[in-house]
Amino acid sequence: MDLTFNDREAAFRDEVRAWFAANPAGDLPPLDEDARYAWRRDFQRRLAEAGLAAVHWPVEYGGRGATLTESAIFFEELGRARAPLPANALGLLLAGPTIMTWGTEAQKQRHLGPILTADEIWCQGFSEPDAGSDLASLKTRAVKSGSEGDDWVITGQKVWTSGAQYSKWCMLVARTDFEAPKHKGLTYFLLDMEQDGVEIAPLRQITGEPEFNELFLNEARVPDANVLGGAGNGWKVALTTLMNERAGLAFFLQVRMRQLLDRLIADAGERGLLDDPVVADKLGDLHLRAEVLRLTAYRGLTAVQKYGQPGPEGSLTKWMWSDTNQQLTQFAADLLGPSSLQAGDPWAYELLRARGNSIEGGTTEVLKNIVAERVLGLPKAR
Ligand SMILES: Cc1cc2nc3c(=O)[nH]c(=O)nc-3n(C[C@H](O)[C@H](O)[C@H](O)COP(=O)(O)OP(=O)(O)OC[C@H]3O[C@@H](n4cnc5c(N)ncnc54)[C@H](O)[C@@H]3O)c2cc1C
């Protein structure tokens, strides 16, 4: 891609930069998790009002139909402004694109608008206690209700459901055909979380936050109109979500990682550590990795614009991002010393939160298998 700006792109950059200057992220409340979430939700609402919540979405769905370069400009400016991830990240990056790919016109009309404005938050109900990497072995069951037959009744348990406590909707995959081979008996549902059959139990992470949850489904009901992509087609629909998760989330997160690296360089500079050749060498290495990641993420965006959805290369970006972010946060702790490990220090949070990076959205081992088989064309692992 060509990142030289024409007049239109330069005007877009000025518009976005002016918007972030007028809406600074610096007043984000520091510690209370609910207050931070409410702030991020309002921030996304303001972005949506300015037509900036999802610039690369097609105009007909509330985006700006931004070109690849304009999308890149938006993310560069987001990083430059040290702005947070939008509150409805899973809606914008996973649910929205999956509904655009597989949804009926009615589903698109109903769901895409409230995703953009963060009026309706989404979570992802894929993983179960006995089904993570091997997602297709999931056991949550959905059966058609007896009398009218146009509702599905869903019973089972999901786990690690991030943001379920704030969510109105869940991307839920459940087993609907118990005789079919495991990948073929699944269906993808748009589940309304606000009902008696849905119970959420928070799980506290090593960082102290209950970012994710157990999700218990006890005869939860979903109308047939909320099946996405057709009954029995859930595996294919889920793959669309997973590919968008790896490519899209890594794209956002490489911007976030750049912010962290700039903060580390500034912190090291303040302590007079930049003249140490070992420190300079490691920071140089991290800078190189961050740049490679940025350009690889743009390549992924090119694939989305050319083919309508990301390719398996998104797995490579996600793997590189988690590896680099773990190295960066560990190096920050080594460099800045014990103060960076105290509760309340932002580096302590980053170090602990980075542990989950190589698990969430597909573990590094599984992503390596995908890259080996589907990008490099190597023989399948046993
Ligand atoms: C912070 C965080 C947020 C999350 N949010 C969500 C969410 O919102 N929604 C959701 O549905 N899930 C979520 N998850 C769950 C995540 O997707 C799973 O944890 C992940 O897919 C791994 O599944 P598992 O935990 O069952 O581990 P397992 O699949 O049991 O894996 C255990 C170990 O075996 C290895 N392994 C498994 N299969 C293979 C293989 N074929 N080859 C080589 N090694 C293998 C794995 O790499 C891992 O080291 C989240 C996880 C985290 C950490």
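Numbering of ligands and ligand atoms starts at 1, following listing order. Computation of the quantities below employed the complete heavy-atom set of this structure, encompassing side-chain atoms and omitting hydrogens, waters and symmetry-equivalent molecules.
- Taking distance alone, with nitrogen or oxygen atoms compared against 3.5 Å, Glu128 stays at or beyond that limit from ligand 1.
- Nearest protein neighbour of atom 48 (C) of ligand 1, counting heavy atoms only, is Thr363 CG2, 4.2 Å.
- Interface of Asn369 with ligand 1, defined as ligand atoms under 4.0 Å from a residue heavy atom, comprises 40 (C), 41 (N), 42 (N), 43 (C).
- Between Thr161 and ligand 1, not a single N/O pair is under 3.5 Å apart.
- For ligand 1, one of its N or O atoms has an N or O atom of Gln124 under 3.5 Å away.
- Of the protein's heavy atoms, Gly132 CA, 3.2 Å lies nearest to atom 26 (O) of ligand 1.
- At the top of the distance list for atom 31 (O) of ligand 1, counting protein heavy atoms only, stands Ser133 OG, 3.8 Å.
- Judged by a 6.0 Å distance limit and a 45° cone about the ring axis, Arg263 is positioned over the six-membered ring of Trp347.
- A salt bridge links Arg294 to Glu76: one of the charged nitrogens lies within less than 4.0 Å of a carboxylate oxygen.
- Comparing Lys368, Arg353, Arg355, Glu245 against atom 1 (C) of ligand 1, the shortest heavy-atom distance belongs to Arg353.
- Atoms of ligand 1 found under 4.0 Å from any heavy atom of Ser162, numbered from 1 in the order shown, are 3 (C), 4 (C), 5 (N), 6 (C), 7 (C), 8 (O).
- From Asn6, atom CG reaches atom OG1 of Thr69 across 8.0 Å, with rounding to the nearest 0.5 Å.
- Contact annotation for Leu135 and ligand 1: no heavy atom of the residue comes within less than 4.0 Å of the ligand.
- Which parts of ligand 1 touch Glu365 is read off a 4.0 Å heavy-atom cut-off, strictly below it: atoms 43 (C), 44 (N), 46 (C), 47 (O), 49 (O).
- A salt bridge links Glu350 with Arg256: the closest approach of a Lys/Arg side-chain nitrogen to an acidic carboxylate oxygen falls below 4.0 angstrom.
- Figure legend: Arg46 and Trp39 shown as a cation-pi pair, the cationic atom lying under 6.0 angstrom from the six-membered ring centre and within 45 degrees of its axis.
- The distance criterion of under 3.5 Å between nitrogen or oxygen atoms is not met by Glu211 with respect to ligand 1.
- Checking Asp196, Asp151, Asp192 one by one against Arg221, the salt bridge (Lys or Arg N to Asp or Glu O under 4.0 Å) holds for a single residue, Asp151.
- Taking a distance limit of 4.0 Å, we find that atom 15 (C) of ligand 1 is approached by some protein heavy atom.
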